[in-house]
Structure formats: C-alpha cells, structure tokens
Amino acid sequence: MKKALVCGAGGFIGSHLVKRLKAEGFWVRGVDLKYPRFSPTQADDFIVGDLRDLSVCHEAVDARFDEVYQLAADMGGAGYIFTGENDASVMHNSAQINLNILEACRRRNSFRIFYSSSACIYPEYRQLDADNAGLAESDAYPAAPDSEYGWEKLFSERLYAAYARNHGFEVRVARYHNIFGPEGAWNDGKEKAPAAICRKVAQAGNPGEIEIWGDGEQTRSFLYIDECLDGTIRFMRSDWAGPVNIGSEEMVSINRLAAIAAEIAGKKITPRHIPGPLGVRGRNSNNKLIFEKLGWRPSQPLANGLAKTYAWIDQQVQKAKRLKDAPKPVIRQPEIVAAE
Ligand code: NAD
Ligand code: GDD
C-alpha cells in the first residue's frame with residue numbers, strides 16, 4: 001500500500017486532500033497543530049504537533065513516504081495577510097516549517113514532495129489593473145510580491161528548487177489561486193472573499209445589505225476545492241516539477257461574486273462599500289502551461305462551486321444562530337437553609 005504524508009491535514013485543503021488520498025487507497029498520515037475543525041479526519045494516523053519543531057518533523061517522517069504534501073502554513077485571506085499585523089509570524093512560521101520538513105524528508109529519502117505556493121508570489125506591478133489578462137508562470141520575476149506572505153512563498157519555492165538541485169528531491173511546486181469550498185474558514189478572520197461574501201449574504205435579510213471591502217471592482221479568480229485536488233494530484237504524479245498555476249481563469253469582480261452569491265441565495269442584496277484590506281487590484285490565472293504539460297485545466301464555472309459553498313455556509317450560519325437563540329440553561333443556586 002502506498003503511503004502519503006499530508007502536512008497541514010487539519011486545514012481546509014489538507015483535510016479534503018486526506019479524504020481524496022484515502023479514497024485512492026493510500027495509507028495516510030496527517031500532521032497539524034489541530035484536528036480538522038468541521039469533520040473528523042480520515043487519516044490513518046494523525047499527529048497533533050508543531051512543524052516548526054524539527055523533532056516533530058522527524059516524528060512525522062519516520063520512514064520513507066511515496067508522496068509528501070506540504071500544505072502547512074500560517075495563512076489567511078486579505079483580512080489576515082494584508083493588514084501587516086501578522087507579517088513576522090507569517091514569515092517566521094511558514095519558512096521554519098518548510099526548512100524543517102525538507103530536512104526531515106531528506107533523512108528518510110522521501111523525495112517526492114508537493115509544495116503549495118500561491119498566486120501571491122506574482123509581482124504587484126502586473127496586478128495594478130482590474131482587467132488582468134492572466135498571470136503566466138514566467139511573470140514571477142523580477143520579483144515584487146505585495147505581501148510578506150508572498151515573499152515567504154517565493155523564498156520557499158526557491159528552497160524546494162534548491163533541494164531538488166542539490167539533494168535529488170522530486171519537488172512539485174503549484175501556485176494556488178484563491179481556493180474555496182465547504183469546510184474552509186468562514187468566520188474566524190482568516191476567511192477569503194468567497195466564504196466571507198457567502199456568510200454575509202446568508203446573514204443578511206431579504207432584501208438586505210452586505211459590506212464589501214473597497215469599491216468591489218477589484219478582481220480575482222476562484223477555484224473550487226475538487227478541481228484544486230484534481231490538479232494537485234495529477235501534477236504530483238506527473239514527471240514535471242513546475243512551478244505551475246492551479247487556478248481558474250474565470251475572473252470576476254468582488255461585486256459580481258456578491259451578485260452570484262445573492263442569486264444562489266434567492267435574495268435581493270445591496271452592497272455597501274467600506275474601507276478594508278484590499279491586496280492587488282486585479283488577478284487572474286493563466287492556464288496555458290498546465291494544459292500544455294498535463295493536458296488538463298480547471299473547467300467548472302464559479303457559480304457551481306459557489307452554490308455548494310453557499311449551502312454549507314448557510315448551514316453553519318443557521319447552526320450558529322440556533323445556538324445563540326437557544327434558551328440558556330438556568331443554573332439554580334443551592335438553597336441556603338438558615339441554621340436554627
Ligand atoms: P489552512 O489555514 O486551512 O491550512 C493550513 C494548515 O496548516 C492549518 O490547519 C494550520 O493549523 C496548519 N499549520 C500552521 N502552522 C503549523 C505548524 N507550525 N505546525 C503544524 N501545522 C501548522 O489553509 P489552506 O487554505 O488549507 O491552505 C493550504 C496551503 O495552500 C497553505 O500553504 C496556503 O498558503 C496554500 N494556499 C492556499 C490558498 C487558498 O486559497 N486556500 C491559495 C494559495 C496558497
Ligand atoms: N476576505 C475578504 N472578506 N475579502 C473581501 C471582503 C470580505 O469581507 N470584501 C471584499 N473583499 C476583497 C478583498 O479586499 C480583496 O480585494 C478580495 O476581496 C479578495 O480577498 P481574499 O479572498 O481575502 O484574498 P486574496 O484573493 O487577495 O488573496 C488570497 O488568495 C491568495 C491566492 O490567490 C489569500 O487567501 C492568499 O492567502 C492566497 O495565497
């Protein structure tokens with residue numbers, strides 16, 4: 001039986017990836033600071049541990065794995081990575097994890113390793129216009145990411161490439177473009193625009209109003225989790241190292257994203273634009289290279305994935321509301337009987 005290690009298996013993409021690898025018949029070990037938040041892990045073995053600690057990495061890679069997926073990172077949406085407040089920890093934590101896990105893999109000859117980089121590595125100067133024609137992999141340099149999160153990802157891309165060059169690793173580096181779906185962060189400050197907008201629409205009345213950061217004309221493309229995993233696994237098993245975009249080419253403005261979510265919910269929603277962390281003005285994936293190398297590229301319309309995501313977030317919102325509205329248990333004080 002083939003063995004896979006998933007670092008970050010308690011997170012959004014990692015927990016879905018574990019399910020996928022189990023369905024394929026792998027023996028899977030997950031590692032994370034925490035268990036998945038929304039459903040039990042399907043990993044055969046799960047280490048709750050801190051990958052910044054080299055001894056935890058050695059414990060995780062205690063034998064050779066056929067496939068290692070390194071997804072663990074200190075990350076979040078615009079509200080987490082663009083405020084500046086988390087810069088030091090994002091850089092320190094994620095770089096430390098990558099430095100450690102590569103060394104642990106080297107000791108056990110676990111050479112095939114997938115690394116999840118990000119569209120955030122692309123230079124800001126190529127993303128100043130909302131009408132972005134798509135970022136090709138070769139656009140990465142001269143480097144000028146707009147966030148420290150992006151700089152750490154770029155550094156780690158180079159670290160993986162160096163381990164390939166000097167130590168015989170077979171690295172696979174993908175640049176994910178805003179992945180979304182059920183069981184992702186939706187209300188903890190790390191949520192990205194698709195989850196945040198679905199939550200706001202689910203919480204709004206009908207007719208209702210939702211807040212959108214900025215003028216809402218900034219653009220992104222969003223990739224549904226199932227297609228992200230299809231691409232990840234195909235790429236991992238291919239004989240090509242990347243880096244490659246794994247993202248959708250269906251670019252929309254955030255206002256349009258909100259309009260689609262409102263349509264799905266069957267609500268009449270008016271956006272209210274407020275100041276907030278914005279990131280780049282326009283971003284889209286260019287999938288020419290992935291199609292050329294793997295004969296595959298994402299194809300599902302945004303609205304399909306968003307409908308499934310909205311349904312799940314609406315459930316979470318209703319569940320949270322029921323808990324809040326439930327009558328509080330009355331705690332009775334024991335009666336004090338006066339001494340005679
Ligand atoms: P996530 O935050 O849900 O998952 C990351 C997991 O890493 C979390 O469960 C977290 O607890 C774990 N982790 C963090 N520090 C750790 C530590 N010191 N030791 C052990 N575990 C630790 O994020 P995700 O959306 O599942 O993203 C997975 C990967 O893909 C990340 O590397 C992220 O940067 C990258 N990525 C994601 C997106 C996206 O849109 N989701 C886009 C680009 C890149
Ligand atoms: N999160 C969020 N919440 N974003 C909002 C909101 C809101 O309520 N309203 C408007 N936005 C806008 C943000 O201001 C930003 O301009 C845009 O929606 C997209 O925000 P996010 O989805 O949070 O992040 P991102 O696309 O800028 O970056 C994400 O994707 C990268 C890969 O493409 C992050 O998750 C990165 O960590 C990731 O690497």
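Both counts, for ligands and for their atoms, begin at 1 and track the order of listing. The structure displayed is predicted, hence computed values, not measured ones.
For ligand 2, the 4.0 Å heavy-atom shell takes in M75, G76, G77, A78, I81, F82, S118, A119, C120, Y149, Y176, H177, N178, E191, K192, A193, A196, K200, I212, W213, Q218, R220, I254, P277, L278, R283, ordered by chain and residue number.
Between I290 and R297 there is a side-chain heavy-atom pair separated by less than 4.5 Å.
When the ring-ring contact (aromatic ring centres under 6.0 Å, His included) test is applied to W240, the partners found at least two apart in sequence or on another chain are F235. The ring-ring contact (aromatic ring centres under 6.0 Å, His included) check on F180 picks up Y224, with sequence neighbours excluded.
In summary, R112 and E67 do not engage in a salt bridge, as defined by a charged side-chain N under 4.0 Å from a carboxylate O. Between D50 and R52 there is a salt bridge, since a side-chain N of the basic residue sits under 4.0 Å from a carboxylate O of the acidic one.
In this model, a donor atom of one side chain and an acceptor atom of the other lie less than 3.5 Å apart for N98 and Y160. Under the 3.5 Å distance criterion, with hydrogens and angles disregarded, a donor-acceptor pair is assigned to the side chains of H273 and N255. Residues S39 and E183 have side chains that bring a donor and an acceptor to within less than 3.5 angstrom of each other.
Under the 30°/60° scheme for interplanar angles, the aromatic rings of Y69 and F114 are found to be tilted.
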Ligand 1 N/O to protein N/O, distances under 3.5 Å:
{"unit_1": "ligand 1", "atom_1": "3 (O)", "unit_2": "F12", "atom_2": "N", "d": "2.8"}
{"unit_1": "ligand 1", "atom_1": "7 (O)", "unit_2": "A73", "atom_2": "N", "d": "3.4"}
{"unit_1": "ligand 1", "atom_1": "9 (O)", "unit_2": "G11", "atom_2": "N", "d": "3.1"}
{"unit_1": "ligand 1", "atom_1": "9 (O)", "unit_2": "D32", "atom_2": "OD1", "d": "3.3"}
{"unit_1": "ligand 1", "atom_1": "9 (O)", "unit_2": "D32", "atom_2": "OD2", "d": "2.7"}
{"unit_1": "ligand 1", "atom_1": "9 (O)", "unit_2": "K34", "atom_2": "NZ", "d": "3.0"}
{"unit_1": "ligand 1", "atom_1": "11 (O)", "unit_2": "D32", "atom_2": "OD1", "d": "2.6"}
{"unit_1": "ligand 1", "atom_1": "18 (N)", "unit_2": "D50", "atom_2": "OD1", "d": "2.8"}
{"unit_1": "ligand 1", "atom_1": "19 (N)", "unit_2": "L51", "atom_2": "N", "d": "2.9"}
{"unit_1": "ligand 1", "atom_1": "21 (N)", "unit_2": "L33", "atom_2": "N", "d": "3.4"}
{"unit_1": "ligand 1", "atom_1": "26 (O)", "unit_2": "F12", "atom_2": "N", "d": "3.3"}
{"unit_1": "ligand 1", "atom_1": "26 (O)", "unit_2": "I13", "atom_2": "N", "d": "2.8"}
{"unit_1": "ligand 1", "atom_1": "30 (O)", "unit_2": "S116", "atom_2": "OG", "d": "3.3"}
{"unit_1": "ligand 1", "atom_1": "32 (O)", "unit_2": "L71", "atom_2": "O", "d": "2.9"}
{"unit_1": "ligand 1", "atom_1": "32 (O)", "unit_2": "S116", "atom_2": "OG", "d": "3.1"}
{"unit_1": "ligand 1", "atom_1": "32 (O)", "unit_2": "K153", "atom_2": "NZ", "d": "3.0"}
{"unit_1": "ligand 1", "atom_1": "34 (O)", "unit_2": "Y149", "atom_2": "OH", "d": "2.7"}
{"unit_1": "ligand 1", "atom_1": "34 (O)", "unit_2": "K153", "atom_2": "NZ", "d": "2.9"}
{"unit_1": "ligand 1", "atom_1": "40 (O)", "unit_2": "I179", "atom_2": "N", "d": "2.7"}
{"unit_1": "ligand 1", "atom_1": "40 (O)", "unit_2": "K192", "atom_2": "NZ", "d": "3.3"}
{"unit_1": "ligand 1", "atom_1": "41 (N)", "unit_2": "K192", "atom_2": "NZ", "d": "3.3"}

